[in-house]
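Values below: all heavy atoms of this structure, side chains included; hydrogens, waters and symmetry mates excluded.
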2 protein chains.
Amino acid sequence: MKPEAETATGAPTTLWDRTRQLASQEILDTALRLFIEQGYDETTIAQIAREAGVSQRTLFRYFGAKEDLLGADQDRFGQVLTDTISEQPAGAGIWEVLRAGVAAVLALHDSREQALARFRLLHNTASLCAGYLEKRLRFQDELLPLIEARMDAAVGSTAPRARAVIATAFACLDAASMTWVSNDGKGDMMDLYDECLAAVRS
Amino acid sequence: MKPEAETATGAPTTLWDRTRQLASQEILDTALRLFIEQGYDETTIAQIAREAGVSQRTLFRYFGAKEDLLGADQDRFGQVLTDTISEQPAGAGIWEVLRAGVAAVLALHDSREQALARFRLLHNTASLCAGYLEKRLRFQDELLPLIEARMDAAVGSTAPRARAVIATAFACLDAASMTWVSNDGKGDMMDLYDECLAAVRS
DNA sequence: GGACAGACTGGCAGCGACTGCGAGCCCGCA
DNA sequence: TGCGGGCTCGCAGTCGCTGCCAGTCTGTCC
């Protein structure tokens, strides 16, 4: 409702907001630490809440589900993705547009180390994988009209083709991130993405 | 362990096997009916067990998880997929090989109606979607060596490229099935698959 | 035919994620 | 200083899922 405390640099207006933000960060840090230390499935909500100094009930009010403790920014990812893509020039090709979106999202990560830790956790935990993929499906749906608008509706409906192109871009991102993780973060992920896409479209 | 009662037409040897198969089918039918009638999330395990005439404990012994009640054959899908692909001639191109695998899996469905009902349920239920996608990731991993063996290792490692190609094939299958469902099962899904793949590789 | 071993079943207690509710607290504002 | 509203907490309860123990039924061997 209130448009205050928006930018990351902007100071929170009220003491409450500050407290909230602090608690939120504390929970997030505790969760990430425990997940990395002992694994996602082996970490219980009770433990995170205890170590973060809040009740389970409060934790669930901050983050609706356990997996949100890792993917809380995921909504922001979706936002950046759609924003970046809709900002691309009208004449740009579909693949360039999608590449720009992927690059923008990857640029959001704080550090290489954190990105690696998260991707590793993601790829090694089945339940997280599942949730992540499902959320991504929704991003794909949001992207659909944007990409469809950039395709020429010469023959037949553009929907299936647009869907396929979007899903392929994400598939290449998957292949790239998996390879990146198994290489322990060596090299640039966008290079891997390009290589994957080239292999598909060659 | 025992190689008996293999083919669908072969009569089960022992009375136990027959009872088991009967109970299993009863549970599966009840679950599918309830899922379609009132939705997946709204149907509880207790209700399925009650209407199928077994205890919850027994139900979980037959099917390890709720989502297996819809995707129990999914393991069979994976088997057919890998079998079909490894049976393809050595000279066949990667895309033809993958297409054959996809076609073989799609051919496993009993009837068009049942396939439509399942796909519809799948695409409309987030939790099911998530589980399905996660299982499919494992299929992709199993396919990886098969596809890698069919790529020329001319430049760099084949792993990321093989991953991308496999994931793309599945991405096209996704786009095709979604379109197929939103068209209420009109047309052939393999045609849609071809169209999607063509759009990606054009 | 009877006894035995093994598999299958059911019920119960319990765990972990998650939610609704009522009570109490504390901040912000008047 | 007091009031109102949002926030926190604890509790109880639901649902998926598992371990355990006892009871039952099947197939087999004597």
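Both tests hold for B/Arg20 against B/Tyr62: distance to the six-membered ring centre under 6.0 Å, angle to the ring axis within 45°. A cation-pi arrangement is found for A/Lys66 relative to A/Tyr40, the charged atom lying closer than 6.0 Å to the ring centre and inside a 45° cone about the ring normal.
Rounded to whole Å, atom P of C/dC15 lies 18 Å from atom CD of B/Gln56. One can place CZ of A/Arg50 at 15 Å from P of D/dC9, the figure rounded to the nearest angstrom. Atom pair A/Leu59:CG and D/dC9:P shows a separation of 10 Å (rounding to whole Å applied). Per the geometry, CD belonging to A/Glu42 stands 13 Å off C1' belonging to C/dG16, to the nearest Å. Atom CG in A/Leu69 sits roughly 10 Å away from atom P in C/dA17 (whole-Å rounding). Separating the CG atom of B/Leu34 from the C1' atom of D/dG16 is a distance of 17 Å, rounded to the nearest angstrom. The CG atom of B/Asp41 sits 19 Å away from the P atom of C/dA17 (whole-angstrom rounding). If you measure from atom CG of B/Leu128 to atom P of D/dG16, you get 12 Å, rounded to the nearest angstrom.
Nearer the 5' end of DNA chain C, as judged by each residue's closest nucleotide, is the contact made by B/Arg57, out of A/Ile45 and B/Arg57.
Close to C/dC8, at under 4.0 Å from its OP1 or OP2, lies no side-chain N or O of B/Tyr62. Proximity of A/Thr58 to the phosphate of D/dT8: no side-chain N or O atom is located under 4.0 Å from OP1 or OP2.
The side chain of A/Phe60 lies closest to C/dT19, out of C/dT19, D/dG16, D/dC7. Listed nucleotides: C/dG16, C/dG10, D/dC15. Nearest to the side chain of B/Thr44: D/dC15.
Side-chain contact between A/Gln56 and A/Ile48: absent, with no pair of heavy atoms (C-beta onward) separated by less than 4.5 Å. Taking 4.5 Å as the limit, every side-chain heavy atom of B/Thr58 sits out of range of all side-chain heavy atoms of B/Ile27.
Residue A/Phe139 holds its CZ atom at 10.5 Å from CG of A/Leu137, rounded to the nearest 0.5 Å.
Backbone-only contact: A/Thr43 has heavy atoms under 4.0 Å from sugar-phosphate atoms and none from a base.
For a distance-only test at 3.5 Å, the side chain of B/Arg61 qualifies as a donor-acceptor partner of the base of C/dG10.
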